[in-house]
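Here is the structure we will look at, set down as structure tokens.
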Amino acid sequence: MRFEIVKSGSRIGRRNVLGVALYENFTPEDLASLPSSIALLAEMYIPRENFKAKRGSVLVVPLANGETQCVALVGLGPRESVKIDDYRVAAFNIVRTAATRGAPSVSIAIPEASEWLISRAIGEGAALARYRFEKYRATDEDDRFAPPETALVLCGDHKALSEGFTIGTCQCYARDLANEPGNVVNPGVLAKIANDLALEKGLKIKVFDESELAAKGMNALLSVGKGSASPPRLIHLEYIPKSPVATVAVVGKGITFDSGGLDIKPADSMLTMKGDKTGACVALGVIKAASELKLPISVHAIIGAAENMPGGNSYRPDDIIKAYNGKTIEINNTDAEGRVTLADTLAYACGLKPDNVIDIATLTGACAVALGDTTAGLFTNDDKFGGEFLSAAATSGERFWKLPMDDENLRKKLKSPVADVVNSAGRYGGAITAAMFLENFVEKGCPWIHLDIAATDFVKEPYSYYIKGATAYGLRGIVSWLLYLAGADK
Ligand code: BES
Ligand code: MN
Ligand code: ZN
């Protein structure tokens with residue numbers, strides 16, 4: 001999509017869809033960004049349709065003649081409590097209005113658009129508005145969906161808009177991957193997709209197959225994948241800019257389908273488990289964004305790809321497995337498989353001696369119970385790193401909430417009589433004990449964050465700028481932190 005900037009509202013006309021964002025208690029002057037004839041019409045419709053500019057609301061006013069099909073009035077909510085994310089939602093609603101009508105051009109009049117973070121949010125919202133996952137169904141006869149080619153943004157910042165658009169597009173790339181079902185994307189296919197990305201972006205890539213994994217002693221990742229006809233893969237991508245200011249590893253959980261294994265899930269819980277590779281998809285999206293934004297940061301994306309299936313060769317409850325870092329794991333639940341794969345991939349990531357490690361995983365239903373399905377859990381061994389991440393991600397529109405890791409009595413539940421650690425410590429505090437399990441495989445002194453995106457990864461009821469399906473939750477948060485590290489978050 002091409003962005004054009006205009007500085008005055010009078011020059012905003014002649015677009016297929018005119019989008020105007022308003023605060024609650026707006027005045028007629030706030031409509032001054034519209035050409036006067038249209039402003040008059042909008043003013044007429046506002047009381048008739050009882051439009052109050054509530055946060056997230058949309059009023060589409062059709063126009064009888066001329067090139068402009070309609071005016072989309074979108075609400076930002078009260079001016080006093082407006083958040084950056086409200087501008088992102090407003091941009092989404094405007095561009096979505098255009099896209100569903102197949103309008104080739106749209107204009108966007110959103111207050112404060114000259115501010116860097118607001119322009120970036122508008123760019124992100126615009127990219128997210130173009131998203132659908134329709135490749136496997138025939139289009140309906142009356143479907144006019146086509147994302148607009150150009151957007152005219154009143155007083156926007158061109159660089160911030162395109163930066164936001166890149167981030168949003170990378171998120172949609174990750175959503176596309178996450179939405180693919182398990183019969184299409186298995187570990188080998190995920191490795192092929194990573195390889196295509198590496199070729200396109202000029203990234204370094206190494207893929208370890210099952211025999212290389214065995215030679216390296218990555219028995220944890222291998223064990224989880226044993227029940228599947230598609231063997232596991234470790235995927236390691238590397239983006240290296242000219243003079244990097246830091247080196248970061250992003251480790252993604254890549255379970256292409258989680259049936260639970262021998263501890264098989266009930267039918268209802270197994271649905272959406274194609275999304276159990278979302279962490280991996282986000283890691284790919286993050287490295288794609290880093291390279292497209294030309295960030296001065298070396299980024300490693302590390303994915304342990306496996307399918308968790310029951311079968312004659314599956315790993316079992318009671319198995320004792322030696323992980324890559326030498327620690328042994330007693331398996332007491334094969335459905336706690338994500339942390340077992342992360343044991344090897346986290347240890348491998350630490351071996352690269354990065355400045356920071358972030359892992360992202362659809363790890364525990366307990367996290368969704370604790371925080372709901374619109375906030376991700378954050379766990380860290382380094383409060384300074386955790387605090388910096390949270391403040392950098394605060395304007396990303398993604399919610400993260402820190403959960404504690406200092407309860408030594410809870411940690412005792414991970415003790416095993418036969419191994420160094422058990423893989424599941426029961427229901428209570430399940431998201432925390434999962435994070436505590438992971439900490440066993442993070443090198444001492446390596447600043448690490450674990451993001452639990454279970455349930456935030458998948459939307460059942462559309463909200464904000466998400467339609468039903470994969471969100472690739474965590475991508476904007478991580479990229480915001482990379483921009484902060486690069487000193488580029490204005
Ligand atoms: N992939 C699931 C977690 C999950 C649950 C993701 C809901 C998205 C939505 C994970 O592998 C899992 O099965 N976790 C178990 C752990 C338990 C056996 C200790 C869980 O949360 O029930
Ligand atoms: Mn599981
Ligand atoms: Zn899982």
Side-chain angles (χ1 to χ4, degrees), residues 178-179 182 185-187 190 220-221 223-228 232 251-282 303-310 314-319 329-345 359-377 379 403 410 413-414 416 421-438 450-460 468-474:
N179 273 324
V185 172
N186 59 35
L190 196 56
L221 176 58
S223 296
V224 170
K226 271 171 65 185
S228 170
V251 180
K253 170 174 171 181
I255 300 296
T256 57
F257 185 73
D258 182 11
S259 70
L262 291 177
D263 289 309
I264 198 160
K265 286 180 184 292
D268 283 355
S269 316
M270 208 186 290
L271 266 181
T272 76
M273 281 304 135
K274 66 173 185 177
D276 216 18
K277 60 184 180 306
T278 301
C281 303
V282 169
I303 293 164
E307 189 184 35
N308 188 22
M309 295 294 257
S314 291
Y315 84 134
R316 327 156 179 75
D318 289 349
D319 279 2
I329 304 167
E330 178 195 355
I331 302 300
N332 55 10
N333 193 324
T334 63
D335 197 13
E337 84 299 335
R339 65 196 74 180
V340 179
T341 64
L342 286 164
D344 279 350
T345 47
D359 81 72
I360 176 152
T362 46
L363 206 63
T364 67
C367 189
V369 172
L371 298 175
D373 55 6
T374 54
T375 299
F379 306 79
L403 291 170
L410 188 60
K413 301 206 168 148
L414 285 167
S416 159
V421 64
V422 288
N423 79 323
S424 158
R427 264 160 50 84
Y428 291 176
I432 299 174
T433 51
M436 287 172 166
F437 172 92
L438 296 180
H450 158 56
L451 300 175
D452 193 336
I453 53 163
T456 49
D457 69 303
F458 196 89
V459 167
K460 292 196 172 112
K468 196 175 165 148
T471 58
Y473 208 94

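Everything numeric in this text was worked out from a predicted model, so none of it was measured. Note that ligands are numbered from 1 as they come in the structure, with each ligand's atoms numbered from 1 the same way.
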Numbering the atoms of ligand 1 from 1, which are under 4.0 Å from a heavy atom of [X]?
X	result
Asp258	1 (N), 2 (C), 10 (C), 11 (O), 13 (O)
Ala455	8 (C), 9 (C)
Lys253	1 (N), 10 (C), 11 (O)

Proximal heteroatom of [X] relative to the Zn ion (ligand 3) (N/O/S):
X	answer
Glu337	OE2
Asp258	OD2
Asp276	OD2

If we only count N/O pairs under 3.5 Å, is [X] in contact with ligand 1?
X	value
Glu337	yes
Ser424	no
Arg339	no
Asn333	no
Thr364	no

May I ask whether Met273 places a heavy atom under 4.0 Å from ligand 1?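 Yes; Met273 lies near enough to ligand 1 that a heavy-atom distance drops under 4.0 Å.
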Provide the closest heavy-atom pair for Lys226 versus Tyr315 in the form atom of the first, atom of the second, distance.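 For Lys226 and Tyr315, the tightest heavy-atom pair comes out as CB-N, 4.3 Å.
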Would you name the heavy atoms of Leu262 and Thr334 that are closest together and state the gap between them?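 Reported closest heavy-atom pair: N-OG1, 3.3 Å.
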Just distance, no hydrogens or angles: give the donor-acceptor pairs under 3.5 Å from side chains in residues 364-377, sequence neighbours left out.
{"unit_1": "Thr364", "atom_1": "OG1", "unit_2": "Cys367", "atom_2": "N", "d": "3.1"}
{"unit_1": "Thr364", "atom_1": "OG1", "unit_2": "Asp452", "atom_2": "OD2", "d": "2.7"}
{"unit_1": "Thr375", "atom_1": "OG1", "unit_2": "Arg399", "atom_2": "NE", "d": "2.9"}

Run through Leu414, Leu363, Ile432 and flag the one making a side chain to side chain contact (heavy atoms under 4.5 Å, CB included) with Phe437.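 That would be Leu414; it is the only one of Leu414, Leu363, Ile432 passing the side chain to side chain contact (heavy atoms under 4.5 Å, CB included) with Phe437.
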Considering the options Leu342, Val340, Asp258, Ile331, which one meets the side chain to side chain contact (heavy atoms under 4.5 Å, CB included) requirement together with Val224?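 Testing each of Leu342, Val340, Asp258, Ile331 against Val224, the sole residue satisfying side chain to side chain contact (heavy atoms under 4.5 Å, CB included) is Val340.
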Considering all protein heavy atoms, does one lie under 4.0 Å from atom 22 (O) of ligand 1?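 So far as the 4.0 Å threshold goes, atom 22 (O) of ligand 1 is out of reach of every protein heavy atom.
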Show your reasoning for whether salt bridge (Lys or Arg N to Asp or Glu O under 4.0 Å) applies to Asp335 and Lys265. CA-CA 8 Å; Asp335 197 13; Lys265 286 180 184 292; 2.9 Å; yes
Do NZ/NE/NH1/NH2 and the carboxylate oxygens of Glu307 and Lys277 come within less than 4.0 Å?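 Result for this pair is no, no salt bridge flagged.
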In the protein, what heavy atom is nearest to atom 1 (N) of ligand 1, and what distance, to one decimal place, separates them?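 Sorting protein heavy atoms by distance from atom 1 (N) of ligand 1 puts Asp276 OD1, 2.8 Å first.
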Can Asp276 and Thr362 be counted as having a side-chain donor-acceptor contact under 3.5 angstrom?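 Result is yes, a qualifying pair exists.
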Contact between Thr278 and Ile453 at the side-chain level, heavy atoms closer than 4.5 Å - yes or no?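 Answer yes - side chains close enough.
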Pro317 and Asp263, any side-chain heavy atoms less than 4.5 Å apart: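 Asp263 reaches Pro317 side chain to side chain.
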For Leu363, which part has a heavy atom under 4.0 Å from ligand 1: side chain, backbone, both, or neither?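 Just the backbone.
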Using only N, O or S atoms, tell me which atom of Asp258 is closest to the Mn ion (ligand 2).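 Going through the N, O and S atoms of Asp258 one by one, OD2 ends up nearest to the Mn ion (ligand 2).
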Taking the Mn ion (ligand 2) as the reference point, name the nearest N/O/S atom of Glu337.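 Sorting the N, O and S atoms of Glu337 by distance to the Mn ion (ligand 2) puts OE1 first.
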Using heavy-atom distances only, which candidate in Cys367, Ser259, Gly365, Ala366 approaches atom 5 (C) of ligand 1 most closely?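 Going through Cys367, Ser259, Gly365, Ala366 one by one, Gly365 has the nearest heavy atom to atom 5 (C) of ligand 1.
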Among Val340, Thr272, Asp335, Thr341, which one has a heavy atom closest to atom 15 (C) of ligand 1?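 Selected option, by shortest heavy-atom distance: Asp335.
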Say you draw a straight line from [atom1] of [X] to [atom2] of [Y]; how long is it, rounded to the nearest 0.5 Å?
X	Y	atom1	atom2	result
Ile360	Asp457	CD1	CG	9.5 Å
Ser424	Glu330	OG	CD	10.5 Å
Leu190	Cys281	CG	SG	6.0 Å

Asp335 backbone or side-chain N/O/S under 2.8 Å from the Mn ion (ligand 2):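 Yes, since at least one N, O or S atom of Asp335 sits under 2.8 Å from the Mn ion (ligand 2).
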May I ask you to check if any N/O/S atom from Ala336 comes under 2.8 Å of the Zn ion (ligand 3)?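 No.
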